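What follows is a short report on a single structure.
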Protein chains: 2
Amino acid sequence: MGSLRDVATRANVAVSTASAALNGTRPVAAETKRRILAAAAELGYRPNVLARGLVSKRTRILALHYPAPAGGFGLTEMQFATGAAAAASELGYHLLLSPENADPLDELRYLTGTGLLDGVLLMEVRLDDERVALLTGENVPFALIGRTRHPERLWFADIDFGRLGADVVEHLTGLGHRTMAFINHTRDAYTGDYGPVVRIGEEIAAAAKEAGMSYADGFDADTAEQGRAALDGLLATHPEVTAVAVFSDQAAVGVLAAAEERGLHVPGDLTVVMVLTSAQVASMFRPRLTTLEPPSLELGRRGAQMLIEQLADDTAGPPPGGELVPCRLVIGDSSAAPREDHKEVRA
Amino acid sequence: MGSLRDVATRANVAVSTASAALNGTRPVAAETKRRILAAAAELGYRPNVLARGLVSKRTRILALHYPAPAGGFGLTEMQFATGAAAAASELGYHLLLSPENADPLDELRYLTGTGLLDGVLLMEVRLDDERVALLTGENVPFALIGRTRHPERLWFADIDFGRLGADVVEHLTGLGHRTMAFINHTRDAYTGDYGPVVRIGEEIAAAAKEAGMSYADGFDADTAEQGRAALDGLLATHPEVTAVAVFSDQAAVGVLAAAEERGLHVPGDLTVVMVLTSAQVASMFRPRLTTLEPPSLELGRRGAQMLIEQLADDTAGPPPGGELVPCRLVIGDSSAAPREDHKEVRA
DNA sequence: GTGAAAGCGCTAACAT
DNA sequence: ATGTTAGCGCTTTCAC
């Protein structure tokens with residue numbers, strides 16, 4: 001298929017000269033270079049990345065490592081991969097998918113030792129993710145999509161949860177709401193240590209408090225049935241609530257159903273907004289739900305870019321506070337001003 | 001980090017013996033082998049895949065090649081990647097994401113010449129996909145997720161569209177419907193040559209005809225607005241229709257909206273079923289839509305498995321007719337028997 | 001059953 | 001500015 005030697009022979013130069021001409025590693029006379037490039041083109045020469053990597057210790061391959069999708073990935077998670085692959089590709093890198101199997105840590109350690117990778121991008125990062133210690137120990141460059149509890153000295157791209165909380169609250173107060181509730185994902189074994197579930201709850205609560213809104217939470221739900229129960233429970237104890245933010249797509253299905261069963265019109269009687277749901281999915285609900293759409297593609301992109309940046313420049317430390325990417329507010333038909341006579345209606 | 005040489009030294013054997021012991025390439029005395037394995041374990045030895053690949057010409061790396069997502073990938077497309085990566089991983093292979101950039105064909109040719117890949121998995125295959133000729137010419141093993149117009153001599157995994165058509169029709173006739181319509185994706189520059197859009201239209205029409213149903217199509221839609229218009233147009237010319245199948249998620253939003261505006265109850269007055277939409281998405285509609293869920297993960301898995309199979313056994317030709325995977329019928333709240341007095345109601 | 005030696009295709013000193 | 005020489009870490013003859 002044509003090796004560098006063939007190119008060199010055809011151009012009447014030494015292999016090292018051909019290499020230099022093709023890579024710009026050292027000066028080559030214009031005429032010589034021309035001959036080499038011509039020979040390479042005629043032969044359809046493509047460098048062997050294995051040979052190159054073996055000696056140069058750089059492969060321009062990154063791995064995206066992710067745990068076994070507990071209950072299947074959603075669109076959001078998948079877009080990390082697409083975004084990261086696109087960014088990597090644009091910068092001349094390749095992205096290897098590295099799903100978790102039987103023994104996650106062992107496999108990751110193994111993979112990083114094979115010389116195949118220049119760095120690793122970690123997805124679905126948990127607050128105390130063990131992969132961080134492992135990669136640090138192995139001295140493998142890495143970056144996170146998401147972040148650990150203490151990401152101060154790490155490269156990471158994550159959602160700007162602070163801003164997300166503020167945006168939700170601002171959207172609602174802007175409409176005139178003075179009281180709201182948040183229905184989070186439940187904290188099971190998986191999500192209990194999963195950053196977004198923890199952070200989002202904290203940040204919305206903080207923003208609501210700061211804005212002087214009355215705030216209710218603790219009615220978490222992952223399924224339609226739980227969502228229905230959540231709204232029932234919520235209205236039983238907090239009948240004054242005029243707006244509710246929901247994290248889980250499925251829970252939102254139940255919330256809307258429960259509202260309808262009670263004769264509550266959305267958004268007339270109750271404003272419903274989603275949080276971290278894609279606009280595409282939010283627009284499938286009826287009414288179309290307002291959502292704060294996660295910047296999934298962008299997070300994937302930024303993660304890959306940061307990792308490559310780090311590879312190019314060893315001296316640079318991670319950006320303080322990482323990269324925080326805001327969500328986009330996409331207003332649907334599910335948010336409106338609260339009724340003036342709200343309390344009377346419910347009474 | 002420990003090379004094979006280090007292992008050999010530590011075990012007091014030659015490198016070739018260490019290699020043989022680790023790979024089972026040739027008989028090694030039990031005691032010798034024990035020492036070698038022990039040394040490898042103590043050193044935390046991991047073989048260098050670049051060096052190995054350089055000499056053996058096999059890397060156990062596959063690429064998943066996909067065009068730039070026109071309008072963004074949906075969940076379905078993304079799951080091909082997850083499924084393929086999982087299957088590859090289970091069989092000891094790695095999957096490289098290879099998104100299309102500026103010059104798709106050139107890049108694919110380049111990549112296959114770098115010695116990095118054992119084979120390529122093609123996604124979003126078009127009826128006359130040029131990548132097939134290129135890979136055939138380059139003599140690179142490949143498999144398709146989807147298929148071309150003439151896939152007879154190719155390895156491919158695709159949806160069983162024949163069965164899909166039959167399943168849709170059987171579901172509807174089973175409920176008592178005698179007349180139906182299909183709202184396909186529109187055939188723009190992209191989808192006009194895209195297999196599923198073409199095949200699904202043909203197969204549903206054929207199945208309906210075979211079952212003696214009266215059948216209407218030609219009202220295609222990709223967006224909610226087009227979906228609304230499609231139902232309006234459909235009912236204007238075919239008021240007798242009692243059931244409609246829809247391909248596009250977004251179009252379904254419009255179809256449901258248009259039905260409601262006309263005071264048509266779903267499923268009481270009109271049965272609506274989705275085709276090739278995930279149950280997860282279908283369950284977000286209200287009423288929950290019946291759908292024939294595409295076997296996306298499975299297609300990804302089968303594609304990767306076939307490719308690996310092909311790699312292991314050069315002599316075997318592709319399975320005749322490829323692998324056809326059926327969709328799963330997930331019944332929601334949107335399908336029911338047609339009203340007895342249907343014609344009177346509309347009149 | 002084991003060892004010595006060659007070489008995969010390339011980059012990176014080191015000469016000239 | 002160009003050529004020569006050494007490997008990178010491994011698999012694979014070929015001897016013994």
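Because the structure is predicted, anything quoted here is derived from the model rather than measured.
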Going by side chain to side chain donor-acceptor pair (under 3.5 Å), name the residues that satisfy it together with [X], two or more places apart in sequence or in a different chain.
| X | value |
| --- | --- |
| Q310(B) | none |
| E138(A) | R46(B) |
| H65(B) | R131(B) |
| Y45(B) | none |

*asked:* With side-chain hydrogen bond (donor to acceptor under 3.5 Å, both in side chains) as the rule and sequence neighbours excluded, what pairs involving residues 108-122 of chain B come up?
replied: T59(B)-D118(B), D106(B)-R109(B)
*Which pairs, with at least one residue in residues 148-160 of chain A and sequence neighbours excluded, count as a side-chain hydrogen bond (donor to acceptor under 3.5 Å, both in side chains)?*
R147(A)-D158(A)
*Pull out every residue in residues 26-37 of chain B that has a heavy atom closer than 4.0 Å to any atom of DNA chain D, ordered by number, or say none.*
R26(B)
*Could you check whether V13(B) gets within reach of a base, just the sugar-phosphate, or nothing at all, counting any heavy atom under 4.0 Å?*
sugar-phosphate
*Contact class for N12(A) vs. all strands (heavy atom < 4.0 Å): base, sugar-phosphate, or nothing?*
sugar-phosphate
Sequence neighbours excluded and cut-off under 3.5 Å, please list the side-chain donor-acceptor pairs for residues 20-28 of chain A, or say none.
unit_1, atom_1, unit_2, atom_2, d
N23(A), OD1, R52(A), NH2, 3.4
N23(A), ND2, S19(A), O, 2.9
N23(A), ND2, S19(A), OG, 3.4

*Is the shortest side-chain N/O distance from S16(A) to OP1 or OP2 of dG3(D) below 4.0 Å?*
no
*Residues that R34(A) engages under salt bridge (Lys or Arg N to Asp or Glu O under 4.0 Å), provided they are two or more places apart*: E31(A)
*Take the C1' atoms of the five end pairs on each side of the helix from dG1(C)-dC16(D) to dT16(C)-dA1(D), derive the two axes, and give their angle rounded to 10 degrees.*
40°
*Name all pairs fulfilling the salt bridge (charged side-chain N to carboxylate O under 4.0 Å, His left out) condition that reach into residues 84-96 of chain A, sequence neighbours left out, sorted by first residue then second.*
E90(A)-R301(A)
*Counting only heavy atoms not in R58(A), do more than 12 fall under 6.0 Å of its CZ?*
yes
Report, one pair per line, the protein and nucleotides 8-10 of chain D atoms (nitrogen or oxygen only) whose separation is under 3.5 Å.
unit_1, atom_1, unit_2, atom_2, d
dC8(D), O3', K57(A), NZ, 3.1
dG9(D), N2, A51(B), O, 3.4
dC10(D), OP1, Y45(B), OH, 2.6
dC10(D), OP1, N48(B), N, 3.2
dC10(D), OP2, L4(B), N, 2.3

